[in-house]
Every structure is written in C-alpha cells, then in structure tokens.
Amino acid sequence: MELESRKDLLKYCQKTGKSLAEVAIEYESHLFKRSKDALIADMKHVLTVMEESREKGGRWEGKTLGGMFSNEMKLLQKNLDNSTTLSGRLLTKVMVDALSIASYNACMGRIVAAPTAGSCGILPAALLNVRDELGLGIDETVHALFVADIIGYIIAQNATVSGAEGGCQSECGTAAAMTAGAIAALKGAEPEVMLNAAALALKNCLGLTCDPVATLVEVPCIKRNAFLAVHAIVAADLALAGIKSVIPFDDVIVALKDTASRMPPELKETSEGGLGITKTAKRIKRDLFA
Amino acid sequence: MSAREDNSGSGMGNVNEFCSIGPVMIGPSSSHTAGAVKLGRLARAIVGHEPQEVEIVLYGSFAKTYKGHGTDKALVAGLLDLKVDDERIPDALEIAKQKSLHISFKKDEDLPEGCHPNTVKFILKIGTKRRKIIGSSLGGGDVIVTEIDNYKKLKITGRYDTICIIHKNRPGIIRDVTAVIADFDINVNYLESITGTMGKIGYTFISVDQDLPDEIVKRINTIAGIDRTYLIRRL
C-alpha cells in the first residue's frame, strides 16, 4: 500500500469509496504499525492539547522569551469585543487564536507542532473556530486532523516541511495547506476539493522565506501565524465554491521543491538575510545575546 | 516485553507524533527546545541515573541563542527526565536547585570536530565518576549522541533501545553477542565496535528495532570475555 501523492490518494478514495480521513487513518495504521483505535485516541489527545494551547495562550501575561511580543492578541480581542474590526467575527477570532497559540509557543507553552513549532498556531486557530462555528463534534474534528496530517505527509515526502531546507513556504505554507484541507473536510467536502484547497493554500505561499529576527521563533513568525490561518480559510472558501487550482497539488509540491532549491541559505532559517539583517533586527539581536 | 507504548518495533519514540502533526511539545523550538530536552534525557539514560552535578558546555547556535529558546532550561529538564511535553520544563532550573542537582553552564566558541552547529557537552558527576557525553540536535527534534567518554563517532539517537558492552577482544565475541540478540528475535539496526585504540578492551554499541527484555543483560553477561553490559533505553 503506497499513498505518496494526490494522485494516489484520489485513486484509493475512488477505488474503496472511503473518505480521505478514513484513508489517512488506514494508511497511518499501516505506516506506524499501530491500530486505528490507538491512532484515533492519540489524535484526540492532540486535539485536547490544541484546545488547551488556545485557552492558555489567550491568557498569558508578560513577554515572550525573546521579548518581541507581549500578548498583543488582547488588543485585537478588544476590537473583536467592540465589533470594530473589518474582518468578520470568525476571521478575527481565528487571528486572535493564532496569535495566542504562536506566542504561547514563544513563552515555552505547550503546543502541538503542525508541522513545526513555528507554525503551531495556524491549524488549531482555524480548525477550532470553524468547528465551533459549524457546531461539530469530536469525531468530525479528529477526522479533519487526519486529513491535515496526510496532506502534510505528502508535502514532506515529496519536498520538505523544514524551514532550514525550504524556507517558510515549507513550514507555514505546509501548515496552511494542511489547514485548508482540514477546513474543507469540516464542511464535508469531497477529497478532490480538500486537495484543491491545499493546493491553493500552498501555491500562494511559494517563495515565502525564513528570515527570523535573531533566529528566534517570534518575528515575523508569531504574527505570520495569524495571516496564514486566515489564508487557509480563504483557500478553503475558494475550493468549496468549486474554484479549482490550475496547478494541482502534486505539481505545486514540485514547485515548492524547486523554489526551495533556488533559495539561498541566507533566507532559510539562518537570520542572515531579509528581515534578519535589518538595522532593527541587528539591534534586537545585539541586546538579546549580549 | 516492557510495558511501554504499543509502538515498539516502529522506531516511533513518541505516541504524540503522526505524519506531520506532532509532537506535543514545550516550545519554542523543535531543535533548540524539544531537541535539547531529548539530549538531556539521553545523557541521563546513558549514565543510568540522575547525576549529582553537571557541567554543561554549549557550542555553536546553542551557545548563541539559548536564552531565546530556553535551551538551558530544556537541557536541565531532560537531565531530570522530564519529557518534551512536560509543562514543568520552564521551571527546570528551580527544580534542579530544589533537588540539589548542581548545574553550571559554559559557552565555547570552538565546536568539537565534525559536530553539528547545535551541540552540547555534558560532564556528569556520579559519585566519584565523571562521564562525558557530547550530543547534537539535528533539527525537527531529532538528536544524536556522538561521544560517550572517550568513544567518538557514535550514532546513538535515542530512537531505539541500545546495548553497550565492555568486553575483551577475542575472535567470535561479536558473533556470540549478536547470537543472543537473535535468540530473542530482535533485529540489530546499528553496531559500532571500538577496539583498536583501547588495547585489549573493546566497547560495542548495538541499537535494535524492538524493545529489549531486561533479562538480555544477564544472558549477555554469561558470554566469555564480557566485562559489563548496560542498556540505554530508547527515549
């Protein structure tokens, strides 16, 4: 049994009549030599940690380890409460939660890497809020997580999900693709629509570099989680409306790999290019690591 | 079979890990936080129990960025055998003080030869013994211990149960040891035998796919020429 591409996944879904989530669970059971029940139980634990990270992440006080963020999501929460944001209620909540979880990570909070710690706010922020909005239960949410997981797997197998190898397009881009697929799953979409959503999300992250200030997972990482959580919902909305990605998911991954190979190391998690070499960044780095 | 998670044999050390979701971890960084916790745990597993005193030398990127990644806390947390998702990790330095575990930190500009940029050296004091362990965090939470005491170029990742055997060199000794392992229907995935420079004493490290039963130590110790056998349990 080999499911290593969009093509493989769609063929298998069609052949078996199973949902993408069911196929993902079956495949992971085969890969890890663990029972489906054990996998589902563990994913429920993951979901619990995601919920906790959202809750605790919304409440923390002080500054992140590197001092570059100090619970500013509360500012956005205030505007949400006053209904003064331009983005609708759902998207603003998503942004607040993404900031909460990503900044909680930078305070040594407990999070779920998805696929990495730097992008940990994207999937839970979008998933939990859409789930709440649609009034769905644990089973549908866990299934959506397995859809996210298999999407991330396909990207990891055919390109890379590491910032050091592929830049932020690989970390946050993958997180956004996983999230877009998961959101479409919550809406009961067909496998092809879920993978379209993933393709759209990933395609619009191509070229995103990893140039963090002072090599820490704070700037631009924390706020970027807010952007990409919303970005994933945009991708899901497009796909759910029937808008297709002209470049299918497998090809977008080829493009990801190609782009990654052309990216200089200065823009791949070394802080030696882009934002990392600005005057502001240099000053922050100097003060931090003096 | 040891009573651990049912994923033995798959090399998956952590039930909190799926294909791209997971692990559940304390942030902010897989390499500089979670990886550091694992290195601490692996060092502790190698020496067999909690040390009384540890000197920690940070190299490369660990040395430069440890404050912003909590690497110092993570390393100590690992030495205290906290797992990567333990919410006590940020308090590890205080916990160490309470347990009278003395920790000192040093930074070193010069990376040990051939080592990855995220490298740490532990000098652990247990009774009158001093043990040296050098390990690196490779990214994504993967770690590797490359030096134990004077034995270099090792590849101990913490993903698999590992046996360390101290023995006298003689023809057939490796065969005899691996035969015992085969008797338990266990597959070897890594074997490093260091003999030459130590004169007549050899050190062999063997990592295996499946979890090792405790009794295997007794069995191996009955082989002629075996001086000592100890287990490094997978993380």
Side-chain angles (χ1 to χ4, degrees), chain A residues 24 27-28 31-35 38-39 41-43 45-46 49-50 64-68 102 104-118 120 123 145-146 148-157 161-165 174-175 178 214-218 221 269 285 288-289, chain B residues 5-37 60-74 77 83-92 107 116-118 138-142 209-210:
Chain A
Y27 194 45
E28 297 198 23
L31 283 176
F32 300 138
K33 300 182 185 41
R34 301 187 69 217
S35 72
L39 286 173
D42 285 348
M43 195 61 97
H45 172 65
V46 159
V49 179
M50 284 182 170
T64 52
L65 285 183
M68 292 181 251
Y104 192 50
N105 177 55
C107 297
M108 299 195 90
R110 193 163 79 153
I111 52 90
V112 183
T116 62
C120 68
L123 178 56
L145 283 170
F146 276 105
D149 202 46
I150 201 80
I151 286 170
Y153 175 74
I154 305 290
I155 299 173
Q157 292 301 101
V161 301
S162 134
E165 286 167 18
T174 298
M178 290 164 67
T215 73
L216 301 186
V217 194
E218 298 189 20
C221 321
E269 214 177 290
K285 190 172 179 174
L288 253 181
F289 301 139
Chain B
E5 297 98 357
D6 75 83
N7 60 350
S8 59
S10 64
M12 290 282 295
N14 193 336
V15 293
N16 288 318
E17 245 169 305
F18 295 85
C19 292
S20 55
I21 291 178
V24 172
M25 54 172 271
I26 294 295
S29 158
S30 316
S31 52
H32 290 67
T33 324
V37 173
S61 172
F62 269 1
K64 283 203 200 98
T65 68
Y66 73 92
K67 268 191 240 163
H69 289 125
T71 305
D72 51 345
K73 299 171 189 183
K83 293 194 174 153
V84 300
D85 63 346
D86 198 312
E87 288 182 295
R88 295 170 290 174
I89 289 171
D91 302 320
K107 289 201 276 193
H116 188 277
N118 302 329
L138 305 176
D142 292 337
D209 283 353
Q210 293 87 355

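All chains are named by letter (A, B, ...) in the order of the sequence lines, taking the proteins before the strands, and each is independently numbered beginning at 1. Atoms considered below: every heavy atom in the structure, side chains included; atoms not considered: hydrogens, waters and symmetry mates.
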- [ ] Search all heavy atoms of A:D42 against all heavy atoms of B:F18 and return the closest pair with its distance.
- [x] CB-CZ, 3.5 Å
Task: Closest contact, heavy atoms only, A:M108 versus B:H69 - done: CE-O, 4.4 Å
TODO: Please flag which part of A:L123 lies under 4.5 Å from any non-hydrogen atom of chain B: side chain, backbone, both or neither.
DONE: side chain
Open item on the list: Less than 4.5 Å to any heavy atom of chain B: does that hold for the side chain of A:T215, its backbone, both, or neither?
Closed with: both
Open item on the list: Show the nearest heavy-atom pair for residues A:V217 and B:S29, with the distance to one decimal.
Closed with: CG2-CB, 4.4 Å
TODO: Pick one of side chain, backbone, both or neither for A:I155, based on which atoms fall under 4.5 Å of a heavy atom in chain B.
DONE: neither
Open item on the list: Show the nearest heavy-atom pair for residues A:A117 and B:P28, with the distance to one decimal.
Closed with: CB-O, 3.3 Å
Open item on the list: Given heavy-atom pairs under 4.5 angstrom as the criterion, report whether the side chain, backbone, both or neither of B:T33 touches chain A.
Closed with: side chain
TODO: Compare every heavy atom of B:S20 with every heavy atom of A:G152, then report the nearest pair and how far apart it is.
DONE: CA-OG, 3.3 Å
Open item on the list: Given heavy-atom pairs under 4.5 angstrom as the criterion, report whether the side chain, backbone, both or neither of B:K67 touches chain A.
Closed with: both
- [ ] Let me know if A:Y104 has heavy atoms under 4.5 Å from chain B in its side chain, its backbone, both or neither.
- [x] side chain
- [ ] Would you mind checking which part of A:M43 comes under 4.5 Å of any heavy atom in chain B, side chain (CB onward), backbone (N, CA, C, O), both or neither?
- [x] both
Open item on the list: Are B:I21 and A:M178 packed together at the side-chain level, in the sense that at least one heavy-atom pair is separated by less than 4.5 angstrom?
Closed with: yes
Task: Under 4.5 Å from any heavy atom of chain B - which part of A:A148 - done: both
Task: Choice from A:V46, A:L65, A:T116, A:V49 maximising heavy atom contacts with chain B below 4.5 Å - done: A:L65
Open item on the list: For A:L216, which atoms come within 4.5 Å of any heavy atom of chain B: side chain, backbone, both, or neither?
Closed with: both
- [ ] Using a 4.5 Å cut-off on heavy atoms from C-beta on, say whether the side chain of B:C19 contacts that of A:L31.
- [x] yes
